[in-house]
Amino acid sequence: MDIKLYSSLLVVFLTSNVWTRNIRPMYDHLDQFDWSLYSFECPQGCLCPPSFPNALYCDSKELKEIPAIPARIWYLYLQNNLIETVTGNSFVNATQLKWINLNKNKITSAGIEKGVFGNLKSLLYLFLEDNELDQVPSPLPPSLEQLRLARNKITTIPAGVFNQLENLTLLDLQQNNLPDGTFSSNTFQGLANLMQLNIAQNSLTKMPPILPASVIQLFLDNNSIEAIPENYFNALLKLIFLRLNNNRLTDAGLPDKVFNISTLLDLQLSYNELTKIPAISVHLEHLHLANNKINSINATQICPIPIAGDYVYERNLPRLRYLRLDGNEIKPPIPYDLMQCFRLLHAVII
């Protein structure tokens with residue numbers, strides 16, 4: 001029952017992320033706003049569907065600048081163009097914007113007029129992936145819920161840029177050039193409701209200091225992280241999913257029981273330099289350790305409880321269901337005491 005519930009939650013969570021990235025919003029038929037008060041002008045080259053009067057589609061039109069956005073627009077699609085600058089003139093009338101997609105353009109940090117996003121008081125989603133930014137835009141509106149900045153050239157996070165973003169639930173900074181020095185103990189201050197933080201594929205050699213306690217999913221794969229400080233995860237009281245694949249973690253870099261996190265259900269440590277399986281929580285359900293340097297399994301050491309006899313209540317068993325160990329130096333058969341400990345295992349990949 002637990003695995004079914006966890007799987008359902010994970011699918012729902014990931015599906016919701018895909019939905020926010022790709023789907024064009026459906027409009028509330030019960031919306032009481034009187035659209036008849038507005039003329040339905042449409043910027044040249046853009047699409048303004050009469051059935052969706054608060055959406056404006058200007059994507060893939062080879063635009064070099066953002067047109068003047070009509071006042072009625074809530075959802076603005078400008079992805080896959082040649083836009084280099086973002087100025088306030090385009091948004092003078094667009095005070096109700098909730099969603100801006102500027103992915104796959106040529107926008108630089110210098111090309112973003114100071115305060116242009118901060119002035120959009122209703123903005124919930126801002127997508128600036130695949131541009132040429134070298135720092136996180138600032139200021140940003142307190143209303144913001146998702147900020148996607150993947151695949152830019154970001155090396156700088158301005159001090160205090162996140163301080164007022166208590167509504168932000170998703171921050172995506174993957175595939176940038178963020179070094180260790182970018183992060184201080186105050187970098188994420190103010191992100192009281194952040195659920196997903198993605199700093200994968202950057203230039204980190206250390207874990208970023210002091211993450212928001214609200215984080216549920218943390219992505220740090222494809223960096224050069226060598227060690228995790230002792231008690232690092234103690235303040236992350238809601239962490240369920242942790243991904244540290246493709247780093248340089250060694251046994252010496254992992255304090256005892258650093259992953260003994262009661263909330264953690266999915267731990268990914270593939271493509272590191274580990275020679276043994278780290279200690280885990282009794283609650284962990286998925287463990288990925290592929291392509292390390294592990295050559296043996298000592299179930300007595302890694303079992304989070306003493307290995308019991310034949311008779312034990314299922315509710316007291318370790319919850320591990322999936323264990324991946326391929327690409328190591330382990331040879332079959334699977335040790336019997338491993339199965340004695342983790343009796344709920346559905347798949348062991350060696």
Side-chain angles (χ1 to χ4, degrees), residues 66 78-79 83-88 91 100-120 123-212 214-215 217-226 229 232 243-244 246-248:
I66 301 174
L78 289 160
Q79 67 270 28
I83 297 168
E84 297 181 1
T85 60
V86 183
T87 66
F91 303 104
I100 300 177
N101 190 333
L102 279 161
N103 290 346
K104 295 187 178 179
N105 278 282
K106 299 181 179 296
I107 300 168
T108 62
S109 294
I112 299 177
E113 183 179 307
K114 184 73 172 179
V116 65
F117 295 125
N119 291 331
L120 300 174
L123 192 63
L124 302 178
Y125 302 95
L126 178 57
F127 300 164
L128 282 162
E129 297 177 340
D130 297 285
N131 277 282
E132 298 178 15
L133 304 179
D134 59 26
Q135 66 177 24
V136 174
S138 174
L140 295 165
S143 56
L144 206 61
E145 294 182 3
Q146 289 196 14
L147 178 60
R148 296 182 182 268
L149 299 169
R151 294 175 298 279
N152 277 275
K153 302 174 182 178
I154 297 174
T155 59
T156 304
I157 300 176
V161 66
F162 301 130
N163 283 6
Q164 305 301 317
L165 302 187
E166 65 178 21
N167 293 308
L168 199 70
T169 60
L170 185 150
L171 176 58
D172 190 348
L173 289 162
Q174 67 174 307
Q175 285 187 249
N176 280 284
N177 299 316
L178 292 167
D180 295 324
T182 302
F183 300 97
S184 72
S185 59
N186 297 322
T187 298
F188 300 110
Q189 185 175 340
L191 298 178
N193 293 294
L194 192 69
M195 297 173 64
Q196 186 181 110
L197 177 60
N198 193 336
I199 323 178
Q201 284 189 255
N202 277 278
S203 301
L204 303 180
T205 63
K206 302 176 182 178
M207 300 290 284
I210 307 185
L211 301 179
S214 56
V215 168
Q217 290 188 318
L218 178 59
F219 300 84
L220 286 162
D221 38 315
N222 288 282
N223 281 285
S224 299
I225 297 171
E226 299 176 355
Y232 182 84
R243 203 165 72 188
L244 278 158
N246 287 284
N247 277 280
R248 297 179 182 175

Measure across [X] and [Y] and return the closest heavy-atom pair with its distance rounded to 0.1 Å.
X      : Y      : result
Leu147 : Val136 : CD2-CG1, 4.4 Å
Leu194 : Ser214 : O-OG, 2.6 Å
Ser185 : Pro209 : N-CG, 4.1 Å
Leu133 : Thr108 : CD2-C, 3.6 Å
Ser138 : Val161 : CB-CG2, 3.7 Å
Gly88  : Glu113 : N-OE1, 3.3 Å

Is there a donor-acceptor pair closer than 3.5 Å between any side-chain N or O of [X] and the backbone N or O of [Y]?
X      : Y      : answer
Asn186 : Gly160 : no
Ser224 : Thr205 : no
Asn223 : Ile199 : yes
Asn247 : Leu204 : no
Asn131 : Asn105 : yes
Asn119 : Phe117 : no
Asn103 : Gln79  : no
Asn177 : Pro179 : no

Steps toward side chain to side chain contact (heavy atoms under 4.5 Å, CB included) verdict (Ile157, Leu173): CA-CA 10 Å; Ile157 300 176; Leu173 289 162; 4.3 Å; yes
Do [X] and [Y] have side chains that get closer than 4.5 Å, going by heavy atoms?
X      : Y      : value
Leu171 : Leu165 : no
Thr155 : Ser203 : no
Val86  : Phe91  : yes

Pair Glu84 + Lys106: basic N to acidic O under 4.0 Å: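 Result for this pair is no, no salt bridge flagged.
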Asp180/Lys206 salt bridge by N-O under 4.0 Å criterion: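 Answer for the salt bridge query: no.
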Residue among Leu102, Asp130, Asn152, Ile66 satisfying side chain to side chain contact (heavy atoms under 4.5 Å, CB included) with Ile107: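 Running side chain to side chain contact (heavy atoms under 4.5 Å, CB included) over Leu102, Asp130, Asn152, Ile66 with Ile107 returns exactly one hit, Leu102.
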Passing option when Pro137 is tested against Ile154, Val116, Leu128 for side chain to side chain contact (heavy atoms under 4.5 Å, CB included):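 Of the listed options, the one satisfying the test is Leu128.
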How long is the gap from [atom1] on [X] to [atom2] on [Y], to the nearest 0.5 Å?
X      : Y      : atom1 : atom2 : value
Ile112 : Lys114 : CD1   : NZ    : 11.0 Å
Gln217 : Leu170 : CD    : CG    : 8.5 Å
Tyr125 : Thr169 : OH    : OG1   : 7.0 Å
Thr187 : Ile210 : OG1   : CD1   : 9.5 Å
Ile100 : Leu124 : CD1   : CG    : 10.5 Å
Glu226 : Met207 : CD    : CE    : 13.0 Å

Sub-6.0 Å ring centroid separation between Phe183 and Phe188: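 Yes; Phe188 has its ring centre under 6.0 Å from that of Phe183.
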Distance under 6.0 Å and angle within 45° of ring axis: Arg148 vs Phe127: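 The answer is yes, since Arg148 meets both limits relative to Phe127.
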Glu145 atom CD, over 12 foreign heavy atoms within 6.0 Å: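 Counting other residues, nucleotides and ligands, CD of Glu145 exceeds 12 neighbours.
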